[in-house]
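A short worksheet on the structure shown next.
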Amino acid sequence: MSKIKVMSVDDSALIRQLLTKIVSSDPALEMVGTAANPILAESKIKTLKPDILTLDIEMPEMDGITYLKKLMLNNPIPVIMFSSLLEKHREFALDALNIGAFDYVIKPSANVRDGVEELATDLVEKIKNAYANRAKFYKKHGITMPAESGGAVIQPSSINLEAPKTSGFKIYQKNSADIMLPLTPSREVPLDKIILIGSSTGGTEALVECLKNVTPSAPPIVITQHMPEHFTTSFAKRLNNVLKIEVRESEDGMSVGRGQAILSRGAKHTMIKVKNGKYYVEVRDGEPVTRHRPSVDVLFRSGAVYAKNKAIGIILTGMGDDGANGMKEMHDAGAYNIAQNEETCTVFGMPKEAIARGGVDEVLPLDKILAAALKKA
């Protein structure tokens with residue numbers, strides 16, 4: 001049986017060993033090789049022809065961001081950044097995504113063994129999703145997808161995109177939004193429409209593209225993008241700099257009106273609420289919902305409870321199914337919902353699940369979504 005071939009570029013022998021253990025925990029994956037720096041990786045990539053590369057940032061000879069630029073220019077391959085440097089220099093994650101990395105995982109800088117084991121599920125699922133979406137990656141770069149070397153071709157539809165339950169690594173319980181907010185309609189009546197957006201893998205680029213033409217006359221917008229703590233601070237600033245509206249990171253009690261957008265704070269859940277007809281957000285601690293914090297399901301649940309038929313839901317590119325249940329709840333409460341189509345998604349996971357569960361009214365390419373949403377506003 002063919003396996004997804006993974007190669008790791010990391011200057012730490014301990015990390016290379018741990019990554020090999022993580023990759024080997026899934027029967028669909030195989031670590032075909034490792035390299036201590038990008039210079040050594042060059043020849044190994046040509047020989048081993050990996051499907052997916054994990055890439056550190058801080059390494060001798062050449063740093064990972066510089067090497068990523070070189071790869072995307074000369075020899076594109078799906079890359080997942082795996083570095084502790086991302087914790088301190090959050091702009092590196094956004095830079096890597098803009099250059100062409102599929103996604104990133106933060107390598108713990110202390111207590112490495114325990115930390116990596118907790119992140120194993122996330123890493124395995126991102127590797128498998130990167131492979132399942134290779135065709136889009138290579139099409140984007142204008143090149144033919146490399147042929148499989150030996151064995152039968154692995155069809156994306158045959159890949160179990162979740163980490164195996166028997167891997168020995170931590171599997172997070174998929175809590176529902178019930179642990180944060182009951183599905184009981186509020187008596188408060190909002191005076192205005194509101195746009196609620198959920199996104200994950202590929203979302204940092206998709207959100208900019210989706211909202212680039214939004215104007216200050218647009219209704220209030222609240223966004224949940226899967227990102228770790230502190231990363232949302234940098235991303236909110238970046239959105240505020242490139243969009244025509246004001247974008248802020250969520251703070252408990254913060255109001256949101258026309259010409260404003262709020263980005264959910266990392267590591268906490270953000271919900272909308274209504275008081276005297278006006279919207280504000282509540283930011284709360286809590287367990288992950290649908291394995292995420294912030295969770296799109298939590299944001300959309302609050303839309304069903306408080307905005308009801310004044311809500312316009314948008315679900316963009318992303319792995320998994322976070323937001324699918326919440327979008328159906330909003331739909332049942334009278335909201336109008338739009339999903340990004342498969343062709344323009346980096347990963348057609350969250351939109352696909354939302355469509356399958358009956359919560360979507362319209363499926364559109366990314367560049368058509370904002371106009372359709374504003375028509376309903």
Side-chain angles (χ1 to χ4, degrees), residues 1-57 59-62 64 67-68 70-83 96 100-105 107 112-113 116-117 119-138 141 143-164 166-169 201 319 347:
M1 175 184 173
S2 293
K3 295 188 177 186
I4 299 168
K5 297 177 294 182
V6 183
M7 180 173 160
S8 170
V9 184
D10 198 298
D11 64 330
S12 166
L14 175 60
I15 292 297
R16 295 197 300 272
Q17 181 184 9
L18 282 169
L19 285 172
T20 299
K21 180 182 178 184
I22 289 170
V23 168
S24 301
S25 72
D26 192 303
L29 308 181
E30 176 187 9
M31 182 67 83
V32 295
T34 63
N37 61 59
I39 305 302
L40 296 173
E42 284 284 276
S43 60
K44 288 194 173 186
I45 288 174
K46 292 177 182 177
T47 303
L48 299 172
K49 295 181 171 55
D51 300 311
I52 308 295
L53 198 71
T54 71
L55 181 61
D56 191 11
I57 292 179
M59 294 178 288
E61 307 297 337
M62 184 186 295
Y67 185 52
L68 180 66
K70 184 178 178 182
L71 270 177
M72 294 303 150
L73 185 62
N74 300 318
N75 185 28
I77 179 174
V79 173
I80 296 170
M81 306 304 293
F82 188 76
S83 174
F102 177 79
D103 213 328
Y104 61 88
V105 175
K107 181 202 306 181
V112 171
R113 285 189 182 277
V116 171
E117 289 190 352
L119 293 172
T121 298
D122 190 29
L123 181 61
V124 164
E125 293 187 355
K126 286 178 177 178
I127 289 170
K128 293 164 85 171
N129 275 274
Y131 181 87
N133 290 277
R134 285 192 316 152
K136 290 180 184 177
F137 172 84
Y138 287 112
H141 286 274
I143 59 177
T144 304
M145 188 166 69
E148 301 285 340
S149 56
V153 174
I154 307 171
Q155 297 298 330
S157 59
S158 70
I159 302 171
N160 176 6
L161 297 177
E162 293 190 352
T166 57
S167 65
F169 296 118
T201 308
M319 299 188 319
V347 180

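Because the structure is predicted, anything quoted here is derived from the model rather than measured.
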Taking the side chain as every heavy atom from C-beta outward, state whether [X] and [Y] have any atom pair closer than 4.5 Å.
{"X": "N129", "Y": "F102", "answer": "yes"}
{"X": "E30", "Y": "I4", "answer": "no"}
{"X": "S83", "Y": "Y104", "answer": "no"}
{"X": "S8", "Y": "T20", "answer": "no"}
{"X": "N37", "Y": "M62", "answer": "no"}
{"X": "P76", "Y": "F137", "answer": "yes"}
{"X": "M59", "Y": "P38", "answer": "yes"}
{"X": "L48", "Y": "K5", "answer": "no"}

To the nearest 0.5 Å, what is the distance between [atom1] on [X] and [atom2] on [Y]?
{"X": "M31", "Y": "D26", "atom1": "CE", "atom2": "CG", "result": "12.0 Å"}
{"X": "L18", "Y": "S12", "atom1": "CG", "atom2": "OG", "result": "8.0 Å"}
{"X": "I77", "Y": "M72", "atom1": "CD1", "atom2": "CE", "result": "8.0 Å"}
{"X": "L123", "Y": "I80", "atom1": "CG", "atom2": "CD1", "result": "6.0 Å"}
{"X": "I22", "Y": "L119", "atom1": "CD1", "atom2": "CG", "result": "7.5 Å"}
{"X": "L73", "Y": "H141", "atom1": "CG", "atom2": "NE2", "result": "10.0 Å"}

Would you name the heavy atoms of [X] and [Y] that are closest together and state the gap between them?
{"X": "D51", "Y": "R134", "result": "OD1-NH1, 3.5 Å"}
{"X": "K128", "Y": "A28", "result": "CE-CB, 4.5 Å"}
{"X": "V32", "Y": "P50", "result": "CG2-CB, 4.3 Å"}
{"X": "F82", "Y": "I15", "result": "CE2-CG2, 4.0 Å"}
{"X": "P60", "Y": "A36", "result": "CD-O, 4.4 Å"}

| query | Charged N to carboxylate O under 4.0 angstrom, R16 versus D11? | reply | no
| Would you call K107-D10 a salt bridge at under 4.0 Å N-O? | yes
| request: Could you point out which residue of T54, L14, D56 forms a side chain to side chain contact (heavy atoms under 4.5 Å, CB included) with L19? | output: T54
| said: Among residues at least two apart in sequence or on other chains, which ones pass side-chain hydrogen bond (donor to acceptor under 3.5 Å, both in side chains) with E42? | reply: Y67
| said: Quick test of your reading: applying salt bridge (Lys or Arg N to Asp or Glu O under 4.0 Å), list the pairs with at least one residue in residues 72-81, sequence neighbours left out, ordered by first then second residue. | reply: none
| task | Start with the C-alpha gap between V124 and V23, add the side-chain angles, then the distance that decides, and say whether side chain to side chain contact (heavy atoms under 4.5 Å, CB included) holds. | result | CA-CA 7 Å; V124 164; V23 168; over 6 Å; no
| said: Suppose we screen for side-chain contact (heavy atoms from CB on, under 4.5 Å). Which residues come up paired with D103, at least two apart in sequence or across chains? | reply: K126, T201
